[in-house]
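Take a look at the structure set out below.
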Number of protein chains: 2
Amino acid sequence: MNISQRSRANPPEPLRNCPACPVRNVSVCSTLDTDSFAELTSIGMELSIPAQTTLFSEGDPVHSVYSVVRGVLRDFRIMPDGQRQLVGFTLPGELVGALLGPTQPYSADTLGPVVVCRFPRTAFWDYFSRTRRSVQGVYGSAARDLGLVYDQLSLLGARSAERKVASFLVGFRDRWHRGGAGSLVPLPMTRQDLGDYLGLGISTVSRTLTALARRRLIVIVPGGVRILDHAKLEELTR
Amino acid sequence: MNISQRSRANPPEPLRNCPACPVRNVSVCSTLDTDSFAELTSIGMELSIPAQTTLFSEGDPVHSVYSVVRGVLRDFRIMPDGQRQLVGFTLPGELVGALLGPTQPYSADTLGPVVVCRFPRTAFWDYFSRTRRSVQGVYGSAARDLGLVYDQLSLLGARSAERKVASFLVGFRDRWHRGGAGSLVPLPMTRQDLGDYLGLGISTVSRTLTALARRRLIVIVPGGVRILDHAKLEELTR
DNA sequence: CGAGTTGTTGAGTGTATTCAAACGCGGTGG
DNA sequence: CCACCGCGTTTGAATACACTCAACAACTCG
């Protein structure tokens with residue numbers, strides 16, 4: 001099922017209640033000045049997307065960027081041989097969709113039910129050229145597309161499975177809790193997804209997680225893990 | 001040795017002979033209209049940089065972007081444990097330096113003697129906001145920072161050394177010859193560099209290359225390799 | 001020509017993988 | 001309510017592969 005099929009079932013709706021938005025204060029919206037925020041509110045549309053639905057595909061011409069309100073997106077490329085390489089996950093409060101460039105560099109689909117705000121990309125360009133001093137604010141939300149990718153490069157370059165998994169858990173924890181405290185790391189993706197993201201086999205992911213659990217660094221709970229020993233886990237990433 | 005030490009020895013020079021520039025027709029300069037090109041020419045400075053010299057470091061505030069005229073840059077990050085992860089190589093005709101964001105996401109140094117043109121980043125922003133329709137032109141040169149990184153993600157996600165090396169050779173060949181024909185792939189970096197780029201040990205890189213040579217897919221020549229069987233090599237990347 | 005660096009190759013080890021089987025859980029239908 | 005099924009996950013055994021350590025060769029540079 002793709003987005004066009006879906007949108008017939010759940011048509012876009014104008015933004016009505018931004019103040020109550022769960023990511024109002026962390027998303028790109030929090031970086032805008034009052035006028036720009038009002039403008040964005042007036043042109044943004046809210047989409048509710050079912051689980052396992054493609055939001056956009058690699059190579060699609062870019063018309064919109066999306067701010068994730070609820071749920072998690074899986075970003076991936078399909079290699080010539082059919083092998084899938086996950087290039088990231090988009091969490092609530094994060095932007096997805098190329099800010100630059102004519103086409104999407106990867107595909108994105110939903111891990112579960114997802115709510116996003118859709119904005120015409122030109123709105124960001126306008127904002128970009130109008131208030132250059134805030135470029136860094138918009139960039140803060142777009143940082144996924146740059147800094148985070150380099151982080152993942154470093155992650156994939158790691159030689160041991162333990163290190164990859166530990167790095168992933170620590171990074172995902174920080175993103176999920178936005179740097180704040182918090183030990184619960186939701187893992188809404190399958191082990192297969194994790195393997196495709198980390199460059200590991202599915203069994204290796206599972207084995208590594210259980211090994212960490214046996215050493216009491218984490219506990220595996222339904223839908224994720226709980227980190228018991230943050231210090232030791234971070235030690236493994238170095 | 002870093003760039004500030006170096007620049008005393010080889011001071012920046014104004015651009016005098018752009019028409020004779022070896023990358024005049026492939027670099028970012030080729031994407032600009034006449035006026036913008038004239039403006040860029042007037043503010044750009046040419047730098048000659050010795051081998052093994054740092055151009056900028058991760059975390060540096062970004063004032064300039066650089067267009068490589070001659071030579072190759074090595075782009076890398078240093079991990080907390082001292083391990084180095086190469087995130088790319090910058091070839092002649094390509095841009096390096098963050099177009100967005102306050103700081104450089106990685107360090108860059110020279111593999112050999114390098115000549116670059118330095119431009120204030122704001123010049124690109126001005127151009128960006130002035131001629132929105134040409135964003136894609138500038139983006140074409142900045143694509144390294146987006147599309148190419150995703151390519152490398154896919155590369156690092158590969159499970160076998162053979163596939164990584166083959167993918168690297170094919171990709172590097174295409175970039176070097178800009179999609180055109182050509183069998184010679186210069187490899188100005190060390191095997192250690194290749195290993196840090198591909199997430200492999202130095203001996204594995206060496207073994208894999210000799211294995212490819214034994215199968216007559218490539219020949220190892222001084223300073224690079226020559227591809228004998230393009231089809232079979234590309235087959236290995238899938 | 002000698003010293004230092006970079007690259008190759010061999011032997012042995014360790015780790016991730018493949019293949020396969022069993023387990024747990026949620027959903028469906030009898 | 002319970003048996004069954006499908007899917008994802010865990011775990012085991014055997015294999016394949018990349019790594020470390022180390023010696024040697026080739027090349028660069030003084």
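Just so it is clear, the model here is predicted, and its values are computed rather than measured. Reckoned from all heavy atoms, side chains included, excluding hydrogens, waters and symmetry mates. In what follows, chains are A, B, ... by sequence order, proteins preceding strands, each numbered from 1.
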Length of the CD1-C1' vector between A:Ile202 and D:dG12, whole Å: 15 Å
Among D:dT11, D:dA18, C:dT8, which nucleotide has an atom closest to any side-chain atom of B:Ser160? D:dA18
Would you mind reading off the distance between A:Met189 atom CE and D:dT9 atom P, rounded to a whole angstrom? 11 Å
Note: B:Arg173-B:Glu234 ion pair, threshold 4.0 Å (strictly below): yes
Using heavy atoms to find the nearest nucleotide of DNA chain C for B:Thr204 and B:Arg159 separately, return the residue whose nucleotide is more 5′. B:Thr204
Does A:Arg207 make a side-chain donor-acceptor contact with the base of D:dG12, cut-off 3.5 Å? yes
Please confirm whether the shortest side-chain N or O distance from A:Thr210 to OP1 or OP2 of D:dT11 is below 4.0 Å. yes
Going from CG on A:Leu233 to CG on A:Leu212, what distance comes out if it is rounded to the nearest 0.5 angstrom? 6.5 Å
What is the ring orientation for B:Phe89 with B:Phe172, classed by angle as parallel under 30°, tilted 30 to 60°, or perpendicular over 60°? perpendicular
Measure the distance from NZ on B:Lys164 to C1' on C:dA16 and round it to the nearest whole Å. 12 Å
Salt bridge present between B:Arg175 and B:Asp151 (N-O < 4.0 angstrom): no
Within the structure shown, what part of the strands sits under 4.0 Å from A:Ser203 by heavy-atom distance: base, sugar-phosphate, or nothing? base
Write down the distance between CG (B:Leu194) and P (C:dG7), rounded to a whole number of angstrom. 9 Å
d(CG, A:Leu200; P, C:dT18) in whole Å: 11 Å
Of C:dA16, D:dT10, C:dT8, the nucleotide closest to the side chain of A:Ala161 is C:dA16
Choosing from D:dA18, C:dG7, D:dT9, which nucleotide comes nearest the side chain of B:Thr190? C:dG7
Write down the atom of B:Thr210, the atom of B:Arg207, and the distance for their closest heavy-atom approach. OG1-O, 2.8 Å
When rounded to whole Å, the CZ to P distance for the pair A:Arg163 and D:dC19 reads 14 Å
Check DNA chain D for consecutive Watson-Crick or G-U pairs with both distances under 3.5 Å and list the runs of at least three as stems. C:1-30 with D:1-30
To the nearest 0.5 Å, what is the distance between OG on B:Ser154 and CZ on A:Arg84? 12.5 Å
A:Leu212 atom CG is separated from D:dT10 atom P, nearest whole Å, by 12 Å
Looking at every heavy atom in both B:Pro186 and B:Trp176, which two are closest together, and how far apart are they? CG-CE2, 3.5 Å
Measure the distance from CD on B:Gln83 to P on D:dC19 and round it to the nearest whole Å. 11 Å
